[in-house]
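The chain is numbered in sequence order, starting from 1. Computed from a prediction, not measured in an experiment: that's the story for all the values here.
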Amino acid sequence: MSFPLLTLTAAVPAVGAVLTAAVPAARRTAAKWLALLFSLATLVLAAAVAVRFDPGGDRYQLTESHAWIADFGVRYELGVDGIGVALVALTALLIPFVILAGWHDADPLETQSKRWRPTQGFFALILMVEAMVILSFEATDVFLFYILFEAMLIPMYFLIGGFGDRAHAGSDENAAAQRSYAAVKFLLYNLVGGLIMLAAVIGLYVVAGNFSLTEIAEARASGELEMAATTERLLFLGFFFAFAVKAPLWPLHTWLPNAMGEATAPVAVLITAVVDKVGTFAMLRFCLQLFPEASTWATPAIIVLALISIVYGALLAVGQRDIKRLIAYASISHFGFIILGIFAMTSQGQSGATLYMVNHGISTAALMLVAGFLISRRGSRLIADYGGVQKVAPVLAGTFLVGGLATLSLPGLAPFVSEFLVLVGTFARYPVAGIVATSGIVLAALYTLVLYQRTMTGPVKAEVRAMPDLKARELVVVAPLIALLLLLGVYPKPVTEIIDPAVRHTMSDVQQKDPRPEVEAAK
């Protein structure tokens with residue numbers, strides 16, 4: 001038996017969650033450091049996975065397979081391709097910053113009972129989400145993936161509803177009601193998607209006789225397993241619906257602005273930069289690999305939905321008065337680009353979409369966490385309550401600007417490369433869709449620069465005159481993220497070398513080849 005490295009990457013944060021929750025109530029600081037230590041250990045293991053992964057080797061590597069529920073053909077099967085490696089690394093990278101950024105977000109208020117231990121629970125739930133997300137990126141058994149896909153909703157529900165944003169306009173009762181509404185909406189939307197997916201998972205088992213992704217895909221490729229067109233399309237729709245809710249794709253997106261708005265800034269990062277990536281990842285791994293004909297059949301409709309997400313999300317971001325809801329709607333627009341790249345069915349589009357998942361995670365984390373630092377100082381999420389911040393907190397304003405410029409995909413910053421690849425890959429096969437998608441770039445520049453102008457420039461408002469600049473802990477959070485945005489903006493090769501072979505496999509699954517450019521022959 002080979003060393004179970006993949007299991008260890010998920011087991012370490014899971015064990016850390018249990019130990020963090022068990023820390024005595026009076027030792028909140030110890031719980032924080034313990035959670036940070038386990039998140040850093042997970043990062044080291046994720047780095048080991050990336051180092052051991054051979055881009056030129058087998059499609060799925062570091063595989064593990066053990067009997068689980070033998071009577072139903074369910075196995076504990078793990079394996080990573082290049083896409084999985086990139087997203088495991090992203091998750092493990094972001095969690096330490098999430099923990100550091102939320103260092104004081106769950107400290108108990110004076111009005112709370114001394115027996116209540118919110119701090120330990122907050123960091124334990126973050127580590128539990130990390131464990132489930134990493135394992136979902138590694139699972140190659142469909143049933144195992146489904147269990148993880150649903151189970152991660154529970155800790156996220158408590159993180160949103162139990163540890164909401166304290167900078168809420170209104171009474172404590174109103175704030176609690178808003179948090180509860182956002183958490184329940186998040187849970188119900190995703191549970192409905194999960195139930196539809198469960199029906200599709202059962203249907204897949206009836207047709208294939210097992211839940212192994214690799215075995216089903218090989219049987220389909222060899223012709224040993226054939227599905228009627230109607231059956232395949234229904235199963236595809238069952239899977240895709242659940243992934244579109246998680247992604248989130250218009251019109252199944254409405255839970256996201258509520259959840260991100262009411263959650264603390266670190267938990268908002270956890271939602272959009274980590275958990276939501278499971279949806280777009282699963283489209284590549286499960287929808288395209290298991291249902292290639294149905295994926296091709298549904299492509300035109302999905303491209304239309306992705307374009308609506310791009311334009312709709314950006315337009316609503318322009319009109320937002322709440323900083324965090326603006327970033328949430330911007331993320332809906334960005335996920336539209338990711339889904340557009342996936343279903344453009346070109347290697348450039350899918351490579352760009354995968355790279356976009358990584359870059360969006362880093363850029364959104366940078367922008368949202370700095371926004372969280374800003375909001376915690378002023379105690380308000382409303383854009384109108386700020387002005388002139390760059391004069392009193394120049395480092396905070398500067399890092400906020402870089403995060404915003406990354407969000408609008410400025411050349412030289414990481415998201416530009418991925419967005420460019422998505423647009424090139426889309427234009428090669430669907431030129432009209434590529435042209436429409438470019439409008440999202442213009443709108444992104446509008447909402448980002450207007451946000452910066454209204455909060456950071458102009459006369460200094462009295463309420464922000466005494467605002468302190470970023471502290472050492474906050475700089476430790478923000479500086480590495482900005483460095484990564486710069487590095488991957490000028491040198492994305494380390495990531496693209498890992499993901500490109502996996503993209504070629506996916507293109508082979510759906511039996512698609514890149515369209516040749518139509519160039520008139522020279523006379």
Rounded to the nearest 0.5 Å, what's the gap from [atom1] on [X] to [atom2] on [Y]? Could you check?
{"X": "E64", "Y": "L6", "atom1": "CD", "atom2": "CG", "result": "5.0 Å"}
{"X": "I332", "Y": "M260", "atom1": "CD1", "atom2": "CE", "result": "9.0 Å"}
{"X": "T63", "Y": "R59", "atom1": "OG1", "atom2": "CZ", "result": "14.0 Å"}
{"X": "H104", "Y": "T29", "atom1": "NE2", "atom2": "OG1", "result": "8.0 Å"}
{"X": "I441", "Y": "L410", "atom1": "CD1", "atom2": "CG", "result": "11.5 Å"}
{"X": "I126", "Y": "M156", "atom1": "CD1", "atom2": "CE", "result": "9.0 Å"}

Counting only N and O atoms by type, is there a donor-acceptor contact under 3.5 Å from the side chain of [X] to the main-chain atoms of [Y]?
{"X": "T264", "Y": "D105", "result": "no"}
{"X": "S333", "Y": "G313", "result": "no"}
{"X": "T119", "Y": "A106", "result": "yes"}
{"X": "D385", "Y": "R378", "result": "no"}
{"X": "T272", "Y": "V269", "result": "no"}
{"X": "E497", "Y": "P494", "result": "no"}
{"X": "Q350", "Y": "I342", "result": "yes"}
{"X": "D141", "Y": "E77", "result": "no"}
{"X": "Q289", "Y": "L284", "result": "no"}
{"X": "E130", "Y": "I95", "result": "no"}

Next item on the list: Step through it carefully: locate the ring centre of F335, locate the ring centre of H253, and say whether they are under 6.0 Å apart.
Entry: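 When the ring centroids of F335 and H253 are compared, they turn out to be at least 6.0 Å apart.
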Check: Any chance the rings of F243 and F149 have centres within less than 6.0 Å?
Finding: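 Yes, ring centres under 6.0 Å apart.
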Margin query: Can you tell me which residue among T496, T506, D500 is in a side chain to side chain donor-acceptor pair (under 3.5 Å) with S351?
Written below: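 Between S351 and the candidates, side chain to side chain donor-acceptor pair (under 3.5 Å) is satisfied uniquely by D500.
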Determine the minimum heavy-atom distance between [X] and [Y], stating which atoms define it.
{"X": "G349", "Y": "V422", "result": "O-CG2, 4.0 Å"}
{"X": "N258", "Y": "A182", "result": "O-CB, 3.4 Å"}
{"X": "I310", "Y": "G440", "result": "CG2-CA, 3.8 Å"}

Notebook entry, point to check: Quick one: do the T254 and Y189 side chains pair a donor with an acceptor below 3.5 Å?
Noted result: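 A donor-acceptor contact under 3.5 Å links the two side chains.
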Notebook entry, point to check: Under 3.5 Å, is there a donor-acceptor pair linking the side chains of Y447 and Q320?
Noted result: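 No, no side-chain donor-acceptor contact under 3.5 Å.
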Item checked: E474 and R377 ion-paired at < 4.0 Å ->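 Here E474 pairs with R377 in a salt bridge, since their nearest N and O are under 4.0 Å apart.
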Next item on the list: In plain terms, say whether D322 and R381 are close enough for a salt bridge, that is, a side-chain N and a carboxylate O under 4.0 Å apart.
Entry: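 The answer is yes: the pair qualifies as a salt bridge.
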Check: [Y] and [X] side chains under 4.5 Å, non-hydrogen atoms:
{"X": "L421", "Y": "Y356", "value": "no"}
{"X": "L90", "Y": "L87", "value": "yes"}
{"X": "M456", "Y": "L396", "value": "yes"}
{"X": "S363", "Y": "L413", "value": "no"}
{"X": "L488", "Y": "V417", "value": "no"}
{"X": "Y60", "Y": "L213", "value": "yes"}
{"X": "V98", "Y": "V267", "value": "no"}
{"X": "E150", "Y": "N190", "value": "no"}

Next item on the list: Write out all pairs satisfying salt bridge (Lys or Arg N to Asp or Glu O under 4.0 Å) with one or both partners inside residues 273-285, taking only residues at least two apart or from two chains.
Entry: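 Passing the test, one end in residues 273-285: D81-R285.
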Notebook entry, point to check: What orientation do F145 and F281 show, parallel under 30°, tilted 30 to 60°, or perpendicular over 60°?
Noted result: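 The arrangement is tilted - the two ring planes meet at 30° to 60°.
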Notebook entry, point to check: When the ring planes of F143 and F211 are compared, do they come out parallel, tilted or perpendicular, using 30° and 60° as the limits?
Noted result: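 F143 and F211: tilted rings.
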Item checked: Residue from W255, Y157, Y181 passing ring pair (Phe, Tyr, Trp, His ring centres under 6.0 Å) with F186 ->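 For F186, the ring pair (Phe, Tyr, Trp, His ring centres under 6.0 Å) test succeeds with only one of W255, Y157, Y181, which is W255.
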Item checked: Listed partners of L367 passing side-chain contact (heavy atoms from CB on, under 4.5 Å), at least two apart ->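 If we apply the side-chain contact (heavy atoms from CB on, under 4.5 Å) test to L367, skipping adjacent residues, the hits are I327, F400, T407.
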Next item on the list: Tell me, please, which residues at least two apart from L36 pass side-chain contact (heavy atoms from CB on, under 4.5 Å).
Entry: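 Applying side-chain contact (heavy atoms from CB on, under 4.5 Å) to L36 gives W33, S39, L40, P96, I99, L100, W103.
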Next item on the list: List the steps, then state whether side-chain contact (heavy atoms from CB on, under 4.5 Å) holds for V133 with F137.
Entry: CA-CA 6 Å; V133 170; F137 290 141; 3.3 Å; yes
Check: Please walk me through it: do Y76 and T7 pass side-chain hydrogen bond (donor to acceptor under 3.5 Å, both in side chains)?
Finding: CA-CA 10 Å; Y76 176 79; T7 293; 2.7 Å; yes
Checklist line | Stepwise side-chain contact (heavy atoms from CB on, under 4.5 Å) check, L256 with I271 | finding: CA-CA 8 Å; L256 182 67; I271 295 169; 3.7 Å; yes
